[in-house]
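Keep in mind that what you see is a predicted model, and the values were worked out from it rather than measured. Index from 1, following the sequence.
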Amino acid sequence: MTVKLTFEPLGRETETPPNFILEIARDANITIRSDCGGKGLCGKCKIIITSINGKVSEVNKIEREHLTLNEIEEGYRLACQARAINGEITVFIPPESRIETRKVAETILETDVELNPPIKKIHLKLKKPTLKDATPDFERLKSPLGRIETSLNILKRIPEFLRDANWDVTATLSYNRLIEIEKGDTTDRSYGLAVDIGSSKIICRLIDLVTGEELAEDYSENPQVAYGEDIISRISYASKSDENLRRLQKMVIDAINKIVDKLCEKTGIKDNEIYEAMIVGNSVMHHLFFGIYPRYLGRSPFVPAIKDMINCQARELGIKINPEGRINSLPLIAGFIGADALADILVTQMHEKDETNMLIDIGTNTEILLGDKDKILACSSPSGPAFEGAHIKHGMKAVNGAIEKIWFSKGVKYETIGKEKPKGICGSALIDLVAELYKNGIINKRGKFTKGKHEFIIANTDETGTKEDITVNEKDIDNLLVAKGAIRSAWTILMKKLGIEEEEISKVYVAGSFGRYIDVENAKIIGLLPDIPTDQIIFAGDIAIAGASITLKSIQKRIESREIPKLIDYIELSAEKDFNRIFARSIQL
């Protein structure tokens with residue numbers, strides 16, 4: 001028995017055995033928003049069944065909790081609960097359930113480095129062998145290069161290749177390893193790929209390793225979000241079977257390869273001319289990319305499989321660069337403090353400064369670092385996905401149609417991304433709204449409405465793109481305050497351990513896409529950021545990709561990246577005796 005599904009507005013068809021519609025979509029590489037990973041908790045995977053010539057499971061209790069009676073009458077279902085049983089079914093994915101990717105936040109900080117990549121190209125004009133000089137081909141190639149090694153794949157090619165090239169070749173080396181030979185002089189064509197694998201977004205940057213120029217950058221959603229917005233859901237899914245782990249790994253590798261195709265098309269560069277990739281990402285994304293079993297990252301004491309740099313061949317992972325090219329990762333710092341945080345440190349240079357700086361990378365899992373050239377404290381705060389719109393009734397990511405800014409001026413005023421009709425509210429606007437509600441006495445310091453209201457209307461039905469009011473209720477506010485409280489309690493504990501007050505912090509760097517769009521004054525009002533002068537708070541943008549870029553360009557920066565973790569003391573918040581007390585206090589406005 002099979003079922004044929006058509007997904008609109010994509011116009012994609014798939015024929016499959018009976019299954020839940022969310023699973024069918026996943027198998028067909030069709031992404032439907034599912035913040036909870038398909039557990040029936042978030043209610044964000046709404047679909048509309050527009051045509052049935054067959055059978056679908058009945059609306060169940062979970063769906064009735066998340067859908068209104070009107071929605072059920074209109075054919076709305078939850079994709080994770082609706083099971084397609086047989087026949088032909090057409091499913092429409094409404095805008096609020098489609099996964100779009102937040103634009104990359106411009107990187108404000110960049111660090112100049114002396115260009116010294118480990119990838120070197122050397123042009124060689126070799127003497128032909130004779131009866132008097134019968135030196136083996138590889139030994140002849142090695143002679144001007146010094147002590148090098150190579151793979152069997154390269155070695156197999158050498159005899160025919162050298163003669164076909166008339167002994168005029170360019171050798172490409174990664175440190176002392178020969179990874180490619182090419183005809184003639186190609187020393188002016190050598191490229192590297194910087195990759196930042198975020199929980200929701202993957203960014204790739206193409207680097208000219210001869211000039212150091214950053215040639216092009218592109219990004220896409222991380223397709224793993226179909227298995228949960230948060231990293232714990234992905235750990236859980238990957239840990240269930242080897243097949244699940246391979247699926248998540250393949251999803252991210254396929255996404256990177258598609259970006260590589262776009263970068264090569266933009267620049268006219270061949271993927272075979274990219275000889276190295278540097279990978280950064282949080283610890284879970286790191287493990288999933290390399291296909292490393294992640295279960296113990298999610299269990300106390302949160303131990304990664306490896307912290308040091310990884311170096312392997314591109315062909316081992318299927319990344320579309322030169323097959324003999326090298327795939328590298330920066331080191332991890334601790335269980336939930338990954339290579340992306342280390343990349344942030346390299347760019348901000350907080351490990352070289354006399355004054356105390358703080359770095360906050362806000363996300364589902366927020367990394368916080370505090371310190372100077374002598375000592376850096378680091379912790380990871382499970383802030384949850386509220387800043388990405390998850391667990392918020394009308395929450396959504398910062399994509400077109402999202403309300404991104406709110407202020408009060410003779411009523412509620414707002415701006416949406418793309419100037420479209422509002423479809424929901426993203427994290428930056430939620431911060432604005434809570435700050436405005438508090439300033440105007442509409443909610444108290446616990447986030448409760450002061451005049452018996454149950455929700456606050458931001459946009460009426462007649463002005464929205466969803467044909468329903470966009471509102472925020474007390475539960476939404478609670479979710480934001482809990483997420484904020486987790487972050488505030490984390491940096492409060494780090495300050496306490498260093499014995500400093502907020503005014504002693506020289507600079508606060510806010511990294512990542514989310515931080516780039518928040519209003520700093522409102523963030524201080526709700527207690528998300530330390531109360532220091534605004535000009536000391538720097539929204540640095542997506543700087544992890546910049547950190548990956550400089551380590552592509554510089555052997556010295558790679559050496560430095562392996563030394564930085566020695567400066568860092570990781571603080572496990574759950575082991576802190578004062579954590580619950582500080583957290584409870586940090587939730588309040």
Could you tell me whether the side chain of [Y] reaches within less than 4.5 Å of the side chain of [X], counting heavy atoms only?
| X | Y | answer |
| --- | --- | --- |
| I537 | V510 | yes |
| R234 | S199 | yes |
| P117 | L552 | no |
| I256 | I197 | yes |

For K448 and D478, what are the C-alpha separation, side-chain angles and deciding distance, and is it a salt bridge (charged side-chain N to carboxylate O under 4.0 Å, His left out)?
CA-CA 9 Å; K448 305 302 179 186; D478 285 343; 3.0 Å; yes
Salt-bridged, [X] to [Y], with N to O below 4.0 Å?
| X | Y | value |
| --- | --- | --- |
| D476 | K393 | no |
| E221 | K201 | no |
| E316 | R326 | no |
| R205 | D196 | no |
| K373 | E352 | no |
| K497 | D569 | no |
| R177 | E149 | yes |

Count the heavy atoms of every other residue, nucleotide or ligand shown that sit under 6.0 Å from [atom1] of [X], and state whether that count exceeds 12.
| X | atom1 | result |
| --- | --- | --- |
| K475 | NZ | no |
| K120 | NZ | yes |
| K405 | NZ | no |
| K353 | NZ | yes |
| E503 | CD | yes |
| R295 | CZ | yes |

Identify each donor-acceptor pair in which a side-chain atom of residues 582-589 lies under 3.5 Å from a protein atom, sequence neighbours left out, and give them as a table.
residue	atom	partner	partner atom	Å
S586	OG	I582	O	2.7

Go through the steps for T534 and E521 under the test side chain to side chain donor-acceptor pair (under 3.5 Å), then give the verdict.
CA-CA 7 Å; T534 298; E521 293 301 327; 2.3 Å; yes
